[in-house]
Every structure is written in C-alpha cells, then in structure tokens.
Amino acid sequence: MKKIFFFAFIFCSTKMYAQKFEGLALTPPMGWNSWNTFQTKINDSLVREIADVMVSSGMKDAGYTYLVLDDGWMSRERDSVTGNLVPDPKKFPNGMKVLVDYVHSKGLKFGLYNCAGTKTCAGYPGTRGYEYQDARFYASLEIDYLKFDWCNTDGINAKEAYTTMSKALKAAGRPIVFSLCEWGTNKPWEWAENVGELWRTTGDISAVYDGYIDHGTWKQTGVMPIVDLQKGLRKYAGPGHWNDPDMLEVGNGMSVAEDRTHFSMWCMLAAPLMAGNDLRKMSKETQSILTNKEAIAINQDKLGIEGFQYEDKDSLEVWVKPLENDDWAVCFLNRSAKPMKINHNWKDELITDPLFHKTMNAKEHPYKIRNVWAKSNAGDTQKPLVAIVPSHDVMMLRLTK
Ligand code: GLA
C-alpha cells in the first residue's frame, strides 16, 4: 500500500512539474517569420502569398511548417469593451481567424507574436496583466505558435513572466509552441526547459557575416559572433527545448557562400530554422540552400544533439554533431578571407562527445562520406580528406558507419 502511495505521489508531482504541453517541437521548429524582411509592414495578402509560396517553392515539403507573424499585427489599443487584442483592421480587414484558416488549409501552421511587457518592441499592446485573456484569445484563433518578446519589462522577473504565460497557454487548452524571445539576458536555458519549446540565446541577428551593427541604444549581431555566443549552451538543448540563435537571414544580402555557412551552422547547432526572407522573390541559390534536405536532416536529427566545435586551426574550424545510428555530421568552416586547405586524416582523429557519450573512431570503423552541398558521395574515411574550402564557405559532410 505504501508503495502505491509513493508512486502516486511521484506521478502527481511529475504531472504538476510538467507545466508545458508535452511532445511539441521534438525536433527544432521550422517555418517562416515576417520580421527580418517586413518588420511591421505586414498584411492579409502578404500572409496568403507567403503561405502559397511556402507550398509552391518546396519549403513546406522540406519541413517548413510554421508561418509566424511578428510584431505589427495588432491595433494600437485593445478592444475597449472586452480588453481583447485587436488585429489591425487596415492590415487585416478580414480579421485574423480567416487567415489562420487559410494557412491551415494549405497544410501549414500559424503563429503570432506578443511581448511579456506592457508594450511590444514596436509599441503595440503587450500582454503584461492579460496573460490568461490573451492565451484564450490565441486558442480561439486556433494558432499553433507564440513568439513572446521582452521589451518594456522594467522590473519584471523573466522566469516568472514567461512561466505565467506558459501556464496561461496550458490553461487555454490548445497546444501552442511557446517561443521565448528574451535575448538570453536572464539565461533562459537554465530555467525554461519546462516553460517553452525554444528560447533566444542572443540579441537580434543581422544579415552580416561578421561583426555588429550599432544602432546606438541597441546593436544587431552578425552570424559568426552569434555562433560564438552559443558556446557552453549545448547541454541545455534537446528534443522539445531548443537554444534559438535567432531567425535566418539567408537570402537577405550576404553572399551565397555566407548564406550557405549561416544555414549549415544553424543545422549543426540544432537551431530552429525560421526563414526570414521574402519567399516570393527568392533566387534559385537561396531556395536551394533553404530546401537542402540533407542539411535539414542534420538539423532535424531525432537525437536532437547540438553540435560543437571540435577544432580551430587558423580560422579553419571543424564542427561535429552526433546523429542517429552512430552517424556524424562534420562541417569544415572557413572564417578567413582566403581559401583554406583541409588536410584531415580521419584515422588520426578520435572524436568524442563526453556530454552525450558518443565517439567517432574512424580507425576502428570506416565511415562512408556524403558531401551535403555537392550532393555527392565522397569516398570513405580510409583516406585522408584533402580539399579547399573557399573563404567564408563550408564543407559539410555526413559520415555513415
Ligand atoms: C525584438 C525581437 C525581434 C523582433 C522585434 C519586433 O527585437 O528580438 O526578433 O521580434 O523585437 O519588434
């Protein structure tokens, strides 16, 4: 009898602890978000056109599921009678529910944005004090994803604020992926595993390869510094709870090699893949980067292990990521301004991941090599790899036992 009580207690306390919906985002979420290209210039026809092109361009088939409207979808004031949020009637003359239905009719999912503070970053009504009401509003719209930002939150405790919203979503009863956009200020990786499915680890990204763009009161971070800021965070990520180094800037102004590098690193980092370009006008190169199924398979690997930097020699870095069935992804990243030569003798390198107890020992077992961007087989690990990686480019490989 005592035993039964003991197990009942354990069961109940686990249930109480499991505050967020279980089983959402078991692999990093994939989709499109309006912010990086459109900021607040969003409207009904844009959403419909993006939904259409997500299907026709092969993005949906490649795994991009969520169409997320970022800041700027609301009116400046809540409804004076109900207190509900109001979609901007000029931008969304048919309301939001019809759009959600349209996006769902395409086999896609729909997401919205709000903020834990009193106002969003662009000055629209924030959720502070309206958490349960807003969660019920989102559930009534049947949305599937909520990005929740961190502007205008003076004096608020981040863990409490995000936990309140998470509980409100749970109470509203609709499974909604909860994306914490707190910029890493309060180390969400240490407390958000049961609060949401992903948390931003840094400030906002920009479409520059290296360095920062300074706006005075805030700065945007380039792709390489964002990669560097992920160090030490991999132990916090896994199925259902991801580090989010921000949305993609592929197709937004960097060179093709830099876009390929950006995308490859987000795959190696098991990062959410939220495209941020104008899908209606993307070039063939951009499309083929975003829809490379072999790269995406590395990102979406079921183990959900975030990759790590194995080596750094004169700006030629080697990143590795353990995959299902003892496969490994290996990405040679050339950060320098000149082409770099790889001379990598697989048999000399015993690669271990002590955190997730994985080992790649090419001396004991040969691996077959697949070149992910060339989409070709590239021999095996019996012979050293000798190749040139152009400046700011990568060579991404999948090794199979
Ligand atoms: C913050 C976020 C961005 C975007 C904008 C919207 O800067 O970090 O991703 O959502 O707000 O105003």
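Each ligand, and each atom within it, is numbered from 1 in the order the structure gives. Remember, it's a predicted structure, so these values are computed and weren't measured experimentally.
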Using a 4.0 Å heavy-atom cut-off, say whether [X] meets ligand 1 through its side chain, its backbone, both or neither.
{"X": "Cys151", "result": "neither"}
{"X": "Arg200", "result": "side chain"}
{"X": "Thr120", "result": "neither"}

Taking side chain as C-beta onward, heavy atoms only, is [X] less than 4.5 Å from [Y]?
{"X": "Val223", "Y": "Thr261", "value": "no"}
{"X": "Met274", "Y": "Leu248", "value": "no"}
{"X": "Ile205", "Y": "Gln220", "value": "no"}

- How about Cys121 and Cys151, are their SG atoms within less than 2.5 Å of each other?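 Yes; the two sulfurs sit under 2.5 Å apart.
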
Quick one: nearest non-hydrogen protein atom to [atom], plus distance?
{"atom": "atom 7 (O) of ligand 1", "answer": "Asp204 OD2, 2.7 Å"}
{"atom": "atom 9 (O) of ligand 1", "answer": "Lys147 NZ, 2.8 Å"}
{"atom": "atom 2 (C) of ligand 1", "answer": "Asp149 OD2, 3.2 Å"}
{"atom": "atom 10 (O) of ligand 1", "answer": "Asp70 OD1, 2.7 Å"}
{"atom": "atom 12 (O) of ligand 1", "answer": "Asp71 OD2, 2.8 Å"}

NZ/NE/NH1/NH2 to OD/OE distance under 4.0 Å, [X] and [Y]:
{"X": "Lys219", "Y": "Asp214", "answer": "no"}
{"X": "Lys90", "Y": "Asp88", "answer": "no"}
{"X": "Lys368", "Y": "Asp327", "answer": "no"}

- Touching ligand 1 at all, Trp183? Heavy atoms, strictly under 4.0 Å?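 Contact check Trp183 vs ligand 1: positive.
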
Below 4.0 angstrom from a heavy atom of [X], which ligand 1 atoms are there? Numbered from 1 as shown, please.
{"X": "Cys181", "answer": "2 (C), 8 (O)"}
{"X": "Cys121", "answer": "1 (C), 11 (O), 12 (O)"}
{"X": "Trp35", "answer": "4 (C), 5 (C), 6 (C), 12 (O)"}

- Consider every N or O of Asp246 and every N or O of ligand 1, then say whether any pair is closer than 3.5 Å.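 Looking only at distances, the answer is no, because the N/O contact criterion of under 3.5 Å is not met.
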
- Evaluate the criterion side-chain contact (heavy atoms from CB on, under 4.5 Å) for residue pair Trp199 and Asp244; output intermediate values, then yes/no. CA-CA 5 Å; Trp199 51 79; Asp244 174 10; 5.8 Å; no

- Apply the side chain to side chain contact (heavy atoms under 4.5 Å, CB included) test between Trp32 and each candidate in Met54, Met59, Lys60; give the one that qualifies.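 Result for side chain to side chain contact (heavy atoms under 4.5 Å, CB included) with Trp32: Met54.
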
